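Remember, it's a predicted structure, so these values are computed and weren't measured experimentally. Atoms within each ligand, like the ligands themselves, are counted from 1 in listed order.
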Amino acid sequence: MSSARPDISEIRQAWRDANLAPLWENARAHRPAPAPEPAHLWSWQKIRPLLSAAIDIASPDVVERRVLQLVAPKHQDEQRTSRTLAANIQILLPGEKARPHRHTMNALRFVLEGSGAITVVDGKPCPMEEGDLILTPAWTWHEHIHEGRAPILWLDALDVPFQQYVGTSAFESGPAAQLPETIPDAAFSLANVVPDLDYAAKDYSPVFRYPYAAAAAAVAAAPPARDGSRRVRYINPLTGGSGMAMMDCFLVQLDTGAFTLPFRTTASSVCCVVEGSGESQIGSNTVRWSKRDIFTLPQGNRIVHKSSGGAARLFQVSDRDLYARLGLLREEYGNISA
Ligand code: GTQ
């Protein structure tokens, strides 16, 4: 006595009405990650005049920040640079200020062109010279003030796409009613000596400024890393870990002529060229770069770098520590197929 076969279209409608769906018909449920997205390069020579065009169109007094986003072709809809990172270029003219605010998003500034500005982070003034890295971590008050003599342009990197995904974005306009306590940089002026404090509540470096001259000297003296490049990491001196959880930064030196060992990782990076020129094989693309160019290293690509002419230096911001914290970081070296 078999019962009558159920009417499938009725069942489907009943499932829909009850907010149920059959997994076996969901093509996305077990879809593997897509093929690695191609790298993208923003040539400084090409974008520099287009950045200048923003000067007359937008003033920081009106628009809060005069910023052009670096939107990767694969991320046009979301207007982002990678899955987790937003990289932008900010411009400030002599005499201009970008008013104080804070947000839950972590941000950093890496100076590309110009000097003489300061970013004030929770009340600490951080001078901005070419090649300097300034951290403005989650929920720190920050404003930019330019008292130099020429326009200053810097790379901003923020974890905006990740925080939008996990639903944690918040913003507050300044000025701050009360500034949090900070540790003076003088307390870190001797390498390898740090204040003996319990600072674990803040998951970021209490040092907000990493000057270029010292970082360049350090990377020049660093022994070769696993891929053959020389690399230093911008750390939180109190923990030895990443300066900020979502953005892990490095200065990379490629000595004359040599190829790096092929490398592949589940993390993604944005690089900017601080000195020199060269080329990178990123998956099946060859990206040729020179000073101030910015390019992406999207996750999953086989990566090989080479300087042309003399040594080259790249600043690299990655989501590596985020992947590591989540147990999702996988890295391979050596014999990797493209
Ligand atoms: O300078 O505070 O590129 O709030 C995007 C959002 C820069 C900033 C950006 C921001 C800032």
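Looking at Leu158, Thr119, Val160 and measuring to atom 5 (C) of ligand 1, the nearest heavy atom belongs to Leu158. Evaluated by nearest non-hydrogen atom to atom 11 (C) of ligand 1, the leading choice among Arg66, Gln69, Arg109 is Arg109.
For the 3.5 Å distance criterion, the side chains of Glu130 and Ser115 fail to qualify, holding no donor opposite an acceptor. Side-chain atoms of Thr140 and Tyr204 form no donor-acceptor pair, as typed in the model, at a separation below 3.5 Å. A donor and an acceptor atom, one from each side chain of Glu279 and Thr286, are nowhere located under 3.5 Å apart. Judged purely by distance below 3.5 Å, without hydrogens or angles, the side chains of His103 and Gln163 never pair a donor atom with an acceptor atom. No hydrogens or angles considered: a donor-acceptor pair under 3.5 Å links the side chains of Tyr212 and Glu275.
Only the side chain of His144 comes within 4.0 Å of ligand 1, counting heavy atoms alone; its backbone N, CA, C and O stay farther away.
From the protein, the heavy atom lying nearest to atom 8 (C) of ligand 1 is Arg65 NE, 2.9 Å. In terms of protein heavy-atom proximity, atom 3 (O) of ligand 1 is closest to Asp156 OD2, 2.7 Å. With respect to atom 4 (O) of ligand 1, the closest heavy atom belonging to the protein is His101 NE2, 2.8 Å.
The closest approach between a heavy atom of His103 and any atom of ligand 1 is below 4.0 Å.
Of all atoms in ligand 1, listed by their number and element, those nearer than 4.0 Å to a heavy atom of Asn88 are 3 (O), 5 (C), 9 (C). Interface of Gln90 with ligand 1, defined as ligand atoms under 4.0 Å from a residue heavy atom, comprises 1 (O), 7 (C), 8 (C).
Using a 4.0 Å cut-off between charged side-chain N and carboxylate O, Glu96 and Arg66 make a salt bridge.
Pro94 and His146 get closest at one heavy-atom pair: N-CD2, 3.3 Å.
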